[in-house]
Amino acid sequence: MSLFSRFLDGWRKYRKPGYYEKFDYHWTMTVDLDKCTGCEACMMACQAENNIPVVGEDEVARGRELQWIRVERYWEGEYPNARLRFMPMMCQHCDAAPCETVCPVSATYHNQDGLNTQIYNRCIGTRSCAVYCPYEVRYFNYYDHGWDSPLEQQLNPDVTVRGKGVMEKCTFCIQRIRQAKDLAKDDDRRRVQDGEMQPACVQTCPTKALVFGDRNDPESQVSLSMDDPRSYRVLDELNTDSSVFYLKKVDA
Amino acid sequence: MTNNVVGLFHDPESALTAAGELKGAGFESLEIMSPVPIHGVEKVLGKKKSVIKNFTFTGALIGGMSGFALAAGTAVLYPHPVGGRPIITMPPFLIISYELTILFGILATVLGFIVSSRLPAFRNRVYVPEAAVDKFVVTAPCDDAEHYQRAKAILNAAGAEQVRKIRGDDL
Amino acid sequence: MTTPTERNDLGYNDIHEDVVRSIVKTGPKYYIALATAGSVTLLCFFFPWFYQLYYGIGAAGMNHPGVWGTYLSSFIFWIGLSHSGTLLSCVLHLTNSSWRKAMYRSAEAMTLFSLVVAATYVMVHVGRPWFIHWALPYPNQMELWPNFRSPLLFDVMAIATYITGSTIFIYMGSIPDFAAVRDRTSGWRNTMYTLLSLGWRGTDKEWHRLHWAYTFLAVLIIPLAVSVHSIVSWDFAMSIVPALHQTIFAPYFVVGAIYSGTAGIVTVMFVLRKTMGFEQYITKLHFDNLGKLLLVLSLIWTYINAVELFTGWYSGSSEEYEALGYKLFGFYAPLYWEMILFCAVAPLLMFSTRFRTSFVPMLILSIAINIGMYTERFLIIATSLSRQYLPDAWGVYVPSLVEISIMVGSFALFTTLFLVFVKIFPSVSMYEVKETMATPKIEPLAPASGSPA
């Protein structure tokens with residue numbers, strides 16, 4: 001009987017969609033499009049923080065740039081009345097991510113913090129995750145990219161340098177999250193407090209258009225921000241259950 | 001090692017007739033070697049039952065179960081949630097199970113074939129190379145010269161082109 | 001059934017001699033062909049591949065929206081080509097169609113080698129092929145297993161099963177022929193065939209067992225082959241990319257696979273007939289039957305294409321509209337209309353019996369169909385990936401020289417493997433061709449001799 005009930009318990013647990021009752025932290029970002037000026041400082045900050053290689057002019061012309069966050073530009077209307085819209089686009093850390101299911105070697109999975117993680121060591125480079133991602137935010141290392149001396153001196157020691165044939169994407173600066181969690185653990189096992197850590201893009205945004213935090217904490221800035229009536233998720237109709245919310249006042 | 005009498009025939013019908021008559025004359029463990037499968041052998045030499053289907057069925061069954069066990073077991077051993085799906089995700093695991101059903105079914109069929117037809121056999125056995133080209137050959141073990149003469153008479157009467165004895169200098 | 005009159009002049013022995021001759025007697029033409037195919041493989045396939053291994057996938061033309069390219073379309077193409085060999089052979093075996101018998105051995109070989117080339121393409125495709133074994137389920141120290149939820153892993157399992165199954169199927173069917181060739185060869189060939197034939201003697205019991213084993217294999221392989229290409233289609237259909245996320249993809253791919261595979265068989269049969277001197281065994285009848293099959297398949301294929309367009313249009317979603325319009329009138333539109341011409345319009349010629357029974361037009365059409373089918377696989381990937389949800393990430397993918405070279409080289413690789421095959425395997429199934437012929441007439445009896453030979 002006990003074996004049977006153990007089996008039944010396991011079955012219930014493992015047949016539960018999503019597996020986690022609740023993530024330890026549920027890291028979430030909001031992007032206030034009404035505040036975004038399209039300055040692309042977030043892109044630069046990300047490049048510096050995450051050791052993203054500069055691929056060079058030719059490779060960019062071939063569409064092989066690496067940018068974990070990009071600012072998409074959309075024009076509305078014709079010339080005299082043209083308006084420019086910006087939309088920063090980074091990995092949406094979907095809770096029902098299409099990219100995770102397709103990886104044959106489980107190089108990308110969902111961790112206990114609700115993050116969509118990418119394991120560079122495990123990646124064999126089928127690039128299927130990039131196809132399955134509707135947001136097109138996964139970038140592939142087509143070559144081994146180097147850094148001209150002395151630029152290699154400024155690499156972030158906390159972030160892996162990726163080799164050729166590996167997929168990479170925004171991690172919500174997982175190295176900073178880990179550091180904050182470690183500090184919090186050392187400091188009497190408390191939880192990471194709101195605003196204690198920020199990804200590089202959030203830290204650098206001059207207009208504070210980006211807000212980052214733990215959705216599980218109802219008092220956090222991001223929880224308040226994502227409950228804003230302007231809030232929506234990109235391609236929400238695909239049911240990816242993404243963790244990035246965009247705020248935009250609909251023009252009347 | 002037993003001695004054998006072999007008769008070479010030009011067509012399957014007379015080979016079958018000869019085999020039938022040999023059988024009627026009390027010869028046992030007859031074999032017919034032929035370049036093509038002969039239809040109607042079972043009428044003469046008796047119906048054969050092959051165990052291959054049991055192998056195939058068992059293999060497919062084991063394959064189906066082990067396919068699901070492989071997928072579900074490994075997922076449970078190292079649970080990492082993927083795409084908001086359950087750890088034991090039925091539809092894809094059933095596909096794995098389906099593929100392994102067929103794989104194990106195929107391998108078991110081969111095993112069944114090898115076991116039931118007593119192959120591979122690299123030891124010396126009664127064999128007539130012409131049987132692979134265009135002759136239909138009836139073979140029967142026979143112990144002594146008297147048996148051999150009897151068999152030879154029957155084979156010749158049925159229209160054998162040639163009758164040989166194999167591995168029997170003392171006949 | 002074949003009309004026996006066609007082959008009345010041939011005896012069992014003639015076939016035997018013809019087939020043994022095709023294995024043992026090797027002319028200079030064969031060596032020239034083998035050397036050419038081998039060196040083209042080396043130069044066009046392996047050399048660019050090593051270059052790509054060294055520098056990274058960047059050697060190919062893939063870019064940001066178009067992360068999949070011709071490597072994958074070639075993979076589907078080769079898997080598709082593999083479909084008519086073993087699958088067709090199994091169906092015809094179970095339905096007792098005797099016209100299959102002269103050609104099925106080479107058709108099965110085609111399956112096997114297409115699969116080998118396809119499996120090689122997987123390694124060419126991935127970014128880090130030196131870790132490709134991580135996609136296989138084997139116990140390891142890290143206790144880490146592959147992700148069985150991934151359509152790509154279904155592929156791994158299905159193709160591994162398919163390669164195993166079709167190797168066993170072709171081998172099983174060849175055992176009696178290995179035995180027949182064994183007795184006529186000497187030296188290393190004799191040793192090889194002795195081992196390969198497992199000591200087959202052709203006794204009634206062995207034939208009985210072989211028949212059943214072969215039938216069970218055929219029964220198992222038909223659902224396997226259908227599942228293999230369904231699974232390949234799910235690599236695409238399980239995504240949420242507009243124009244890839246289609247329910248009809250599984251039957252579409254299966255039909256497309258059989259279609260291109262059958263066309264491939266026509267090509268191979270034509271070549272075999274001309275080069276190996278098998279004019280008596282591969283006849284107009286085979287081309288006629290294959291032509292009918294091709295015609296039916298082309299009609300089904302056209303229908304599914306129409307349905308695909310219709311459902312895309314009927315969905316009414318802007319992404320589907322965009323993907324559809326791009327496919328029909330966008331950057332790749334000339335390729336699309338070429339595909340329609342080669343795979344939907346040109347095959348209508350086969351309504352004419354005269355066309356079906358003429359060898360050279362059938363050869364040209366079969367090649368055209370396969371060019372069209374290759375284009376189809378390319379378009380499925382290229383057009384869909386170029387127009388996905390976010391317009392900012394739209395782009396165009398064009399194959400690079402390395403990719404084109406590897407594609408050419410893959411055909412040479414296939415040819416090399418096939419050339420090696422015809423010298424090892426009896427490329428016409430002797431015992432089954434013998435079966436279709438009238439049994440030898442009784443000649444005046446020679447005086448029987450009782451002495452041991």
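In what follows, chains are A, B, ... by sequence order, proteins preceding strands, each numbered from 1. Since the structure is predicted, the reported quantities are computational estimates derived from the model, not experimental observations.
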Heavy-atom count around Leu401(C) CG within 6.0 Å, excluding the residue itself: above 12? no
Heavy-atom count around Arg178(A) CZ within 6.0 Å, excluding the residue itself: above 12? no
Please state whether the side chain, the backbone, both or neither of Trp234(C) comes within less than 4.5 Å of a heavy atom of chain A. backbone
Quick check: under 4.5 Å, non-hydrogen atoms only, which of residues 113-122 of chain A neighbour chain C? Tyr120(A), Asn121(A), Arg122(A)
OH of Tyr14(A): more than 12 outside heavy atoms within 6.0 angstrom? yes
Quick check on Pro134(A) against chain C: is it the side chain, the backbone, both or neither that has a heavy atom closer than 4.5 Å? both
Heavy-atom side-chain contact between Pro151(C) and Tyr132(A) under 4.5 Å: yes
Go through the side-chain N and O atoms of Arg62(A) and His64(C) and say whether any donor and acceptor fall under 3.5 Å apart. no
Which answer fits Trp130(C), side chain, backbone, both or neither, if we ask what part of it has an atom under 4.5 Å from a heavy atom of chain A? side chain
I'd like to know whether OH of Tyr138(C) has more than 12 heavy-atom contacts from other residues, nucleotides or ligands below 6.0 angstrom. yes
Checking Tyr109(A) against chain C: side chain, backbone, both or neither under 4.5 Å from a heavy atom? neither
Test item: Asn147(C) side-chain N/O and Val105(A) main-chain N/O as donor-acceptor pair under 3.5 Å: no
Enclosure of Lys13(A) NZ (heavy-atom neighbours >12, cutoff 6.0 Å): no
Side-chain donor or acceptor of Tyr143(A) paired with backbone N/O of Gly58(C) under 3.5 Å: yes
Proximal component of Leu385(C), with respect to chain A [non-hydrogen, under 4.5 Å]: side chain
Has Glu21(A) got more than 12 heavy atoms of other residues, nucleotides or ligands less than 6.0 Å from its CD? no
Side chain, backbone, both or neither: which part of Ile124(A) has a non-hydrogen atom closer than 4.5 Å to chain C? both
Short side-chain to backbone donor-acceptor contact, Arg149(C) and Cys103(A), under 3.5 Å: no
Test side chain to side chain contact (heavy atoms under 4.5 Å, CB included) on Asp144(A) and Tyr54(C); report intermediate values, then the result. CA-CA 10 Å; Asp144(A) 267 331; Tyr54(C) 187 79; over 6 Å; no
Most contact-rich option vs chain C, by heavy-atom pairs under 4.5 angstrom, among Cys99(A), Gly125(A), Ala107(A), is Gly125(A)
Is a donor on one side and an acceptor on the other found under 3.5 Å between the side chain of Arg128(C) and the backbone of Lys164(A)? no
Take Glu136(A) and Tyr389(C), measure what side chain to side chain contact (heavy atoms under 4.5 Å, CB included) needs, and give me the verdict at the end. CA-CA 9 Å; Glu136(A) 298 298 304; Tyr389(C) 292 98; over 6 Å; no
Is Glu59(A) close to chain C through its backbone or its side chain, or both, or neither, when contacts mean heavy atoms under 4.5 Å? neither
Contact class of Met167(A) relative to chain C, heavy atoms under 4.5 angstrom: neither
Where does Leu72(C) contact chain A at under 4.5 Å (heavy atoms): side chain, backbone, both or neither? neither
Taking the side chain as C-beta and beyond, is there a heavy-atom pair between Ile57(C) and Phe140(A) under 4.5 Å? yes
Inspect the surroundings of NZ in Lys16(A) and state if more than 12 heavy atoms from other residues, nucleotides or ligands are less than 6.0 Å away. yes
For the pair Tyr142(A) (side chain) and Ala59(C) (backbone), establish whether a donor and an acceptor sit closer than 3.5 Å, ignoring hydrogens and angles. no
In this structure, CH2 of Trp134(C) is separated from OG of Ser106(A) (nearest 0.5 Å) by 12.0 Å
Can you tell which of Met87(A), Arg138(A), Arg127(A), Arg70(A) has the highest number of heavy-atom pairs within less than 4.5 Å of chain C? Arg127(A)
If you measure from the Lys or Arg side-chain nitrogens to the Asp or Glu carboxylate oxygens, is any gap between Arg73(A) and Asp392(C) under 4.0 Å? no
Would you say Trp68(C)'s side chain and Thr126(A)'s backbone share a donor-acceptor pair under 3.5 angstrom? yes
Considering only heavy atoms, which portion of Pro242(C) lies under 4.5 Å from any heavy atom of chain A: side chain, backbone, both, or neither? neither
Would you say the side-chain atoms of Ser150(C) pair up with the backbone N or O of Val102(A), donor to acceptor, closer than 3.5 Å? yes
